[in-house]
Amino acid sequence: MVAADSAARAQALRAQLEAHNHSYYVLDAPQVLDAEYDRLFQELQALEADYPELLTSDSPTQRVGGKALETLLPVAHRVPMLSIRTETDIEDSGAVKFDTYVRSELGLDQSAPPVEYTAELKFDGLAINLRYEQGVLVQAATRGDGETGEDVTANVRTIRVIPLRLHGEVPDVPDVIEVRGEIYINRSDFEAMNETQRAAGEKLFVNPRNAAAGCIRQLDSRITARRPLSFFAYGTGETTGWILPARHSDVLDTFAAWGFPVNTDRAVVLGADGLIAYHRRIGETRNALAFDIDGVVYKVNSIALQRQLGFRSREPRWAVAHKYPAQEALTEVIDIEVQVGRTGAITPVARLKPVFVGGVTVTNATLHNEDEVRRKDIHIGDTVVVRRAGDVIPEVVRAIVERRPPGAREFVMPVTCPSCSSAVQRDEDEAVARCSAGLYCPAQRKQALLHFASRRALDIEGLGEKIVDQLVDSSMVRTPADLFQLDVASLAALERMGDKAAANLVEAIEHCRDTTLARFIYGLGIRNVGESTARDLAAHFRGLDALMAADELLLQQVSDVGPVVAQSVAAFFAEQHNRQVIAELVAAGIQFAPIAAPEKPAPGVTGKTFVLTGTLPTLSRDEAKARIEAKGGKVSGSVSKKTHYVVAGEEAGSKLIKAQELGVTVLDESALFALLTQVGT
Ligand code: IVH
């Protein structure tokens, strides 16, 4: 016989563990450390081992999976799982059509107020029906053909976000409730999962949806337990003993209160305008979601109106899916060519059979480097998944190896540069292969010129790819300095170049002479020197001569410049050819705007770390920070042993306490002023 206190303890542990599960997986706000969770879990496991009669189907210990099945058994749905009509109109008209249809079916004339809708994401996963009796999960079934699905209860129990027992007291939960929703996998989890498959030499999943379906239809639930499956609730099947709320949005809120994950991007909106705004907003933020969606779903919010509208040919009249353009598509790799970049990097590019994806026709996609081609195992002739998400450049995600044709060829990195035939080199610790010819290579020269003229560098408007190609190919221009020798007549002779455009370009080149040192340094295209490093170098050296004369040690004194950058900069200026071009540019009249003199450093501030807390009487946070930095101090967000001063104002909180604990000097605003204005001794 089980002692009453053991039974009570087991029940308490189950409740506690499930509450922790919910906080961790659904609310994303863990309440306990893993070690504490494990301790409770092991205690429950031990109790269940001692008293098997205490083991219940809703015990969290059952989430690890059990004995493998022979087959999945059929389940007849008590309420059929229908699908919904799809509006493929990419633009707003899909929303307008649906609202117009609903209004006409309901017999609403123009003067009637707008219809209220719930708008939700359309998750791209697999539909599932979860049946709870007396609050306990008793069965999970796939959609199947809508009438009959498959019993996947053992697998679904392993999904941590799905409650095994509804939160709340039994009198509050219905006798029977079927909650419907979508099982899905987050993109990052999917990528990691495929990476594991790849490492193990196993077959890759094509996309998160197929992977989710595969994991759910597993015969061995211990395998499912290791898969990163997730779930969102969005609808109802059979219910008994439940007074349905008045609105669909209330149903969703109730689901959340019972412990189900309900996506928070849902919204209650009014009329076609509300639907359009929702469709646009989600369309714009779609890429930031952790998972794939293929559209949004609009549902008439009032359950009474849903009943009135009813169904037509097995689809509800009260709901519609409004799609977005697909972000992934299958196509073929016709060839893999290489491109030469500004720093000589040789990049393989896949030439693709044109495919419409993410709203545009894609014909090429970068493959980044040789290792990437090997890692993704992409052959010429392969069928591949191409992804274009929003404005992100299209990429080849993976090859469908099972569809590889017999004639498929592997990519071979060329040993000579396709532009100048010089040797291609690849350092052992680098992923990138490079043409060794530097600026003697026409392809690199073109890229260097385009970079010099780009908006954040010298900003020469009108100097685009087509013109640079012609200028370099005809040897009219070899270096950026040559640009300043161009005249209207010779430019006008180029293809696609009229007198007007030629005059404008000469004018733009003329104009770019007045620039800043930072833009100029950036425009030189020194390896590892981006815009922000260029700015740091300019602020530190304040002139071209000082920068060109600096050795690696001096360069490393610049904030944020380490050995790698210092080496690149020193190597660039050591090159006679580069010094020559710079001399020509200076001779052509390039000049830099003066740089303001730095403030005199204050000895008590330079090199010291400050933390600001509370409200100061006159200075705002940003002002105080700017003044400290102008005098060579640093401002950090948290107090540690390395903090020199804490500047505290009114309502200073935990940072002040921490400072006192650590014995850090605390200043008020006037003491800060004194420190800032102090001059050397
Ligand atoms: S409601 C009777 N809401 O899209 C209405 N479906 O054909 C039932 N889906 O197979 C569906 N997200 O798997 C609904 N927020 C959402 C959804 C959603 C994805 C799937 C569902 C169904 C298909 C609709």
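When reading the values below, keep in mind they use all heavy atoms of this one structure, side chains included, and skip hydrogens, waters and symmetry mates. Order of appearance sets the numbers: ligands from 1, and atoms from 1 within every ligand. Just so it is clear, the model here is predicted, and its values are computed rather than measured.
- The 4.0 Å heavy-atom shell around ligand 1 contains residues Ser83, Ile84, Glu120, Leu121, Lys122, Phe123, Ala127, Glu182, Tyr234, Val297, Lys299, Pro316, ordered by chain and number.
- Looking only at distances, a side-chain donor or acceptor of Gln218 sits under 3.5 Å from a matching main-chain atom of Asp220.
- Sorted pairs that involve residues 350-385 and meet ring-ring contact (aromatic ring centres under 6.0 Å, His included), not counting sequence neighbours, are lacking altogether.
- For Asp189, the side-chain hydrogen bond (donor to acceptor under 3.5 Å, both in side chains) test picks out no residue, with sequence neighbours left out.
- Between His279 and Glu87, the side chains place no donor N or O within less than 3.5 Å of an acceptor N or O (distance only, hydrogens not considered).
- You'll find the ring centres of Tyr117 and Tyr278 outside the 6.0 Å limit.
- Sorted by first and then second residue, the salt bridge (charged side-chain N to carboxylate O under 4.0 Å, His left out) pairs with a member in residues 15-25 read Glu18-Arg63; sequence neighbours excluded.
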